[in-house]
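Have a look at the structure below, then the notes.
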Amino acid sequence: HQFQLSATTGYTLSFGGDLNVSGGTLNLLTGIASGNGPANINLGGNFNHSAGTIAWPSSTGSEGSGNFKFTGGAGSVACTMQTTDNPAKLNVIVDPGKTVTMLCHLQTGTSGLRTMTVSGTLLCNGFLVQGSAAFSLSAGATLGITSGFGIATSPTLSGSIQSTSTRTFSTSANYIYNASANQAAGNGLPATVNNLTIANAGGSGANIVTLGQNTTVSGTLTLSRGL
């Protein structure tokens, strides 16, 4: 079974609730004529692609880049993708006030000039941001880091954020280290941050978070679990 859009121009598809794909094909590209604008998806609920196929706008197509945006709806949502997901023409956006918990590795596509911008909260939850989109954590945003290697600057494929393009971590953003084993902060942590939270859930001797440089916390330092 296939659900496909028949728009001949760019479009915006908005979901106030969840988007669940568990079989068949969701075709987000069919019908967009050459040069006639982007596809935009606004999602208020959870994104759950457990099976089936999503035909994302293609990196080889001539339609403009659009946005896959977590916005509105529930304040806290979850994201489950397949490793085959390749939103090559879509910028991934987490809006202010929105918390997205990753339940899988988050794919940002393998080609094209796109961005992933977090202006709300992204909780990595043991998974990685992958793909080639330029990653940006905005001022006032929050990143929950669960890799044992923390966060790293590009092009090092290490830490919770492993996009192969540029990575920008704001000095006015908030950082949470909440793995369940020892963590290094990583060289991606700015020398100045807004709020810094250490909430490592590992057992005694396996809950140490190690900074790699002098770090100034301009907001609040919270030591709730771990060292």
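Considering only heavy atoms from C-beta on, I161 comes within 4.5 Å of C124 through its side chain. At least one side-chain heavy atom of P190 sits under 4.5 Å from a side-chain heavy atom of Y175. Looking at L189 and F169, their side chains never come closer than 4.5 Å, going by heavy atoms from C-beta outward. Under the 4.5 Å side-chain criterion, counting only non-hydrogen atoms from C-beta, I208 is not in contact with N200. The shortest side-chain heavy-atom distance between D95 and S119 does not fall under the 4.5 Å cut-off. Using a 4.5 Å cut-off on side-chain heavy atoms (C-beta onward), T101 and S76 make no contact. In this structure the side chain of T117 never reaches within 4.5 angstrom of the side chain of N91, judged on heavy atoms. For the pair T164/L157, a side-chain contact is recorded, criterion being any heavy-atom separation below 4.5 Å from C-beta on.
Residue N187 comes nearest to T153 through the heavy atom pair OD1-N, 2.9 Å, listed as atom of the first residue, atom of the second, then distance. The two residues A133 and M116 come nearest to each other via the heavy atoms CB-N, 4.0 Å. When every heavy atom of A173 is checked against every heavy atom of S138, the shortest pair comes out as CB-O, 3.5 Å. In terms of heavy-atom proximity, A185 sits nearest to L211 at CB-CD2, 3.8 Å. Closest approach of N46 to A78, counting heavy atoms only: OD1-N, 2.7 Å.
A distance of 7.5 Å separates OG1 of T220 from CG of N194, quoted to the nearest 0.5 Å. Note that the OG1 atom of T80 and the NE2 atom of H49 stand 10.5 Å from one another [nearest 0.5 Å]. We find the CG-OG1 distance between L221 and T197 to be 8.0 Å, quoted to the nearest 0.5 Å. Atom CG of L106 and atom OG of S163 lie 10.5 Å apart (nearest 0.5 Å). Here the CG-CD1 distance, from L122 to I145, works out to 10.0 Å after rounding to the nearest 0.5 Å. Rounding to the nearest 0.5 Å places CG of L26 at 11.5 Å from CG of N20.
A continuous path of hydrophobic side-chain contacts links M81 to V21 [ILVMFWY only; heavy atoms under 4.5 Å]. In the hydrophobic clustering of ILVMFWY residues, with side-chain heavy atoms under 4.5 Å counting as a link, L137 and I176 come out apart. F149 and I151 are not part of a single hydrophobic cluster, where members link through side-chain heavy atoms under 4.5 Å apart. With hydrophobic clusters built from ILVMFWY side chains whose heavy atoms lie under 4.5 angstrom apart, F47 does not share a cluster with I93. In the hydrophobic cluster analysis, where Ile, Leu, Val, Met, Phe, Trp and Tyr join through side-chain heavy atoms closer than 4.5 angstrom, F135 is grouped together with M102.
Applying side-chain contact (heavy atoms from CB on, under 4.5 Å) to N125 and the options T146, V100, L103, N178 leaves one that passes, L103.
The ring pair (Phe, Tyr, Trp, His ring centres under 6.0 Å) contacts involving residues 177-197 comprise nothing, where partners must be two or more places apart or lie in separate chains.
Looking only at distances, a side-chain donor or acceptor of N174 sits under 3.5 Å from a matching main-chain atom of N195. N67 places no side-chain N or O within 3.5 Å of a backbone atom of N40 that could act as its donor or acceptor partner. Looking only at distances, no side-chain donor or acceptor of T222 sits under 3.5 Å from a matching main-chain atom of S224. A donor-acceptor pair is defined here as one N or O able to donate and one able to accept, closer than 3.5 Å; such a pair exists between the side chain of S154 and the backbone of S165. Proximity of a side-chain donor or acceptor of S160 to a complementary backbone N or O of S147 within less than 3.5 Å is detected. S218 places a side-chain N or O within donor-acceptor distance of the main-chain N or O of V193, the cut-off being under 3.5 Å. Formation of a donor-acceptor pair under 3.5 Å by the K69 side chain with backbone atoms of G44 is not found in this model.
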Checklist entry - Passes side-chain contact (heavy atoms from CB on, under 4.5 Å), N207 versus R225? Steps please. => result CA-CA 8 Å; N207 59 353; R225 302 176 72 178; 6.0 Å; no
Item to check | Residue pair L123, T99: steps toward the side-chain contact (heavy atoms from CB on, under 4.5 Å) verdict | outcome: CA-CA 7 Å; L123 302 178; T99 296; 3.9 Å; yes
Next on the checklist: Could you walk me through whether Q130 and Q162 satisfy the side-chain hydrogen bond (donor to acceptor under 3.5 Å, both in side chains) test, starting with their C-alpha distance in whole Å, then the side-chain angles of each, then the deciding distance to 0.1 Å, before giving a yes or no?
Outcome noted: CA-CA 5 Å; Q130 299 176 319; Q162 294 193 12; 5.1 Å; no
